[in-house]
Amino acid sequence: MTSTSAGSVLELRGIHQVYGTGDAEVHALRGIDLSVAAGEYMAIMGPSGSGKSTLMNLLGCLDVASSGTYSLAGNDVNDLDEKELARVRNREIGFVFQSFNLVPRMTALQNTELPLAYGGVKYAERKRRGLEALEAVNLSHRADHRPHQLSGGQQQRVAIARALVTNPTLLLADEPTGNLDSESTHEILAIFDQLAAQGRTIVIITHEETVAGRAHRVVTVKDGLITTDRLNRERELAR
Ligand code: ADP
């Protein structure tokens, strides 16, 4: 266990990430300090190659840093082996990807329940929690539909339900609207607004100003460093 700042669910201190060795060495992150409080809705922006994916992989416990510390919900992540990392990842993080990654032959409900099936949760309980998660994205009326019967926005909402079904500490989304038209983008942003209003902790990696503009806090990364970290005042006042 590590001590995190009061109220923060995740805290990065002095994070460096170095890929390769010798002449091929790339310093993807060069000293990142970042705290995210419970209930915060944060966007991470930055140009291509700035280190966003590297940061996302660390936040999502998909990788560990070369140096520095990362504490997530009281877990000291930098010291974990692969197996322990997977356990923390499954328990604490709900992922949403640009490509929705739904299983085509499964219904919306079956897709949503999937993380619980892996976790050994019994059928009735899985169904109850799956429907609850679909309800949270206003899609319980489409529970029996397969992905090809749903619009892109609806498919991404199923993916968000699947991310929520384990009740994770952090909802981590990587370019969640990258494959969507503007109408579906608005649909997804409305869901994130709704989840933020319910107190979900959300971190979104995005290229798009319209997406970042909806978050309460926007962090910009450049050349492996955080260059700006600002509150979105209008959004804060609207809360
Ligand atoms: P972004 O997501 O902002 O485009 P990345 O985190 O993917 O940025 O990359 C940051 C830097 O690290 C880039 O210079 C990239 O080429 C390098 N990089 C990323 N992943 C690897 C890797 N697995 N091996 C070597 N270099 C990498």
Side-chain angles (χ1 to χ4, degrees), residues 9-36 40-72 75 77-86 88-90 92-101 152 156 159-160 163 168-180 184-185 188-189 192 201-232:
V9 292
L10 69 85
E11 190 160 304
L12 302 169
R13 286 284 162 256
I15 291 286
H16 288 254
Q17 187 68 305
V18 183
Y19 294 115
T21 52
D23 287 348
E25 207 169 85
V26 178
H27 284 248
L29 297 176
R30 300 166 176 269
I32 298 277
D33 295 317
L34 182 68
S35 296
V36 178
E40 245 183 327
Y41 176 12
M42 192 179 91
I44 298 177
M45 297 198 80
S48 186
S50 57
K52 297 185 300 299
S53 305
T54 302
L55 186 54
M56 144 109 196
N57 288 343
L58 295 179
L59 290 175
C61 299
L62 294 160
D63 204 355
V64 288
S66 308
S67 63
T69 60
Y70 175 25
S71 169
L72 171 65
N75 299 280
V77 174
N78 25 291
D79 295 339
L80 303 183
D81 63 26
E82 280 290 328
K83 205 170 155 192
E84 293 166 327
L85 203 60
V88 172
R89 184 164 64 227
N90 295 338
E92 310 290 356
I93 299 175
F95 289 97
V96 178
F97 304 98
Q98 180 172 351
S99 52
F100 326 124
N101 293 348
Q156 191 60 306
I160 294 171
T169 303
L170 172 67
L171 188 64
L172 186 57
D174 189 10
E175 302 280 1
T177 59
N179 276 352
L180 298 175
S184 297
T185 294
I188 295 305
L189 293 179
F192 283 128
T201 310
I202 306 172
V203 173
I204 296 190
I205 284 112
T206 183
H207 272 99
E208 298 171 65
E209 286 285 352
T210 49
V211 176
R214 295 284 281 265
H216 302 152
R217 179 178 169 198
V218 182
V219 166
T220 313
V221 180
K222 197 175 171 211
D223 297 332
L225 285 170
I226 290 176
T227 50
T228 66
D229 184 346
R230 65 183 166 82
L231 289 179
N232 227 334

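This is a predicted model, so every value here is computed, not measured. The first residue of the sequence shown is numbered 1, and numbering continues consecutively from there. When a ligand or atom number is given, it counts from 1 through the structure's own listing order.
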| field | Close side-chain approach of Val9 to Leu170, heavy-atom, < 4.5 Å | value | no
| Polar side chain donor-acceptor pair, Ser184 to Gln156, under 3.5 angstrom | no
| message | Could you tell me if Glu175 and His207 have a donor-acceptor pair between their side chains, going purely by distance under 3.5 Å? | response | yes
Value rounded to 0.5 Å, distance of [atom1] in [X] from [atom2] in [Y]:
X     : Y      : atom1 : atom2 : value
Asn57 : Gln17  : CG    : CD    : 8.5 Å
Leu29 : Ile226 : CG    : CD1   : 9.0 Å
Leu58 : Leu10  : CG    : CG    : 11.5 Å

| said: What does the 4.0 Å heavy-atom contact list look like for ligand 1? | reply: Tyr19, Val26, Ala28, Pro47, Ser48, Gly49, Ser50, Gly51, Lys52, Ser53, Thr54
